[in-house]
Amino acid sequence: MSQERLGESMKRMKFGEGLLERKLQGLEKNTIRKWREAYDFKKGEIFIGEFPELGGVELLLMATEDTIKKTFLEITPQEALDNGYENLEALLADFKKNFYKDLTGNMEAAVIYFDFVKFDGYPTFGKSNS
């Protein structure tokens, strides 16, 4: 199966500008999103992370645990920290301002822990066609 065809069948997740370096450095160990069925990953599942850096880079990512489904108010201090925030209040304020204008604490969230799929110690990547 060609690499293009393999990528067509995999789930994809888009990341914002500037997050690639933070993720590669291990400063952020998870991503937190408003719940969607597409974010329901099982431990060991491989998916494609789309990063806008360098004109569009795609990296293979692997869920390190099953997606955790909970409300935004149930996000733990550790989960907020693992996403690069000092506390839950800072996370909620930033998410409401920059990502989800209609965010309420009772909305369902997806907490997704992942790591980069590596070959010879380096992340496996490709160039985005978009």
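- The shortest distance between side-chain heavy atoms of Lys96 and Asp102 does not fall below 4.5 Å.
- In terms of heavy-atom proximity, Thr67 sits nearest to Ala110 at CG2-CB, 3.8 Å.
- Atom CD of Glu86 has 12 or fewer neighbouring heavy atoms from other residues, nucleotides or ligands inside a 6.0 Å radius.
- Residues Phe72 and Leu88 share a closest heavy-atom pair of O-CD1, 3.6 Å.
- Separating the OG1 atom in Thr124 from the CD atom in Glu58 is a distance of 12.5 Å, to the nearest 0.5 Å.
- Looking at heavy atoms from C-beta onward, Met107 lies in side-chain contact with Lys34 at the 4.5 angstrom threshold.
- A salt bridge links Glu108 to Lys69: at least one charged side-chain nitrogen sits closer than 4.0 Å to a carboxylate oxygen.
- Shown here is Lys97, whose NZ atom has no more than 12 heavy atoms of other residues, nucleotides or ligands within 6.0 Å.
- Annotation: the span from Phe116 atom CZ to Leu24 atom CG amounts to 4.0 Å, rounded to 0.5 Å.
- Remark: the Asn30 side chain and the Asn83 side chain contain an N/O donor-acceptor pair separated by less than 3.5 Å.
- Residues Trp35 and Phe95 fall into different hydrophobic clusters, defined by Ile, Leu, Val, Met, Phe, Trp and Tyr side chains chained together at heavy-atom separations under 4.5 Å.
- Using a 4.5 Å heavy-atom cutoff, the side chains of Thr31 and Tyr39 are not in contact.
- By the 4.5 Å heavy-atom criterion applied to side chains, Ile46 and Leu61 are not counted as neighbours.
- Atoms CE and CD, from Met10 and Glu45 in turn, are 8.5 Å apart once rounded to the nearest 0.5 Å.
- Linking ILVMFWY residues whenever their side-chain heavy atoms come closer than 4.5 Å, directly or via other members, leaves Met13 and Leu27 in distinct clusters.
- When the side chains of ILVMFWY residues are joined at heavy-atom separations under 4.5 Å, either directly or via intervening members, Leu103 and Ile32 end up in a single hydrophobic cluster.
- Under a 4.0 Å N-O distance rule, the pair Glu65/Lys42 does not qualify as a salt bridge.
- Gln25 places no side-chain N or O within 3.5 Å of a backbone atom of Arg22 that could act as its donor or acceptor partner.
- Put simply, the side chain of Lys29 does not reach to within 4.5 Å of the side chain of Asp115, judged on heavy atoms.
- In this structure, Glu50 contributes its side chain and Arg12 its backbone to no donor-acceptor pair below 3.5 Å.
- The hydrophobic cluster containing Ile68 also contains Leu73, counting ILVMFWY residues as joined when their side-chain heavy atoms lie under 4.5 angstrom apart, directly or transitively.
- Using a 4.5 Å heavy-atom threshold, the side chains of Lys23 and Phe15 count as touching.
- Geometrically, Arg33 does not engage Phe114 in a cation-pi contact, judged by NZ or CZ lying under 6.0 Å from the ring centre and within 45° of the ring axis.
- Partners of Phe47 under the ring pair (Phe, Tyr, Trp, His ring centres under 6.0 Å) rule, at least two apart in sequence or in another chain, are Phe41.
- A heavy-atom distance below 4.5 Å is not found between the side chains of Tyr85 and Ile75.
- The hydrophobic clustering, which links ILVMFWY residues whose side-chain heavy atoms are closer than 4.5 Å, places Tyr113 and Val117 apart.
- Summarising the geometry, atom OG1 belonging to Thr76 is positioned 12.0 Å from atom CG belonging to Asn87; distances are rounded to the nearest 0.5 Å.
- For the pair Leu91 and Glu79, the minimum side-chain heavy-atom distance is 4.5 Å or more.
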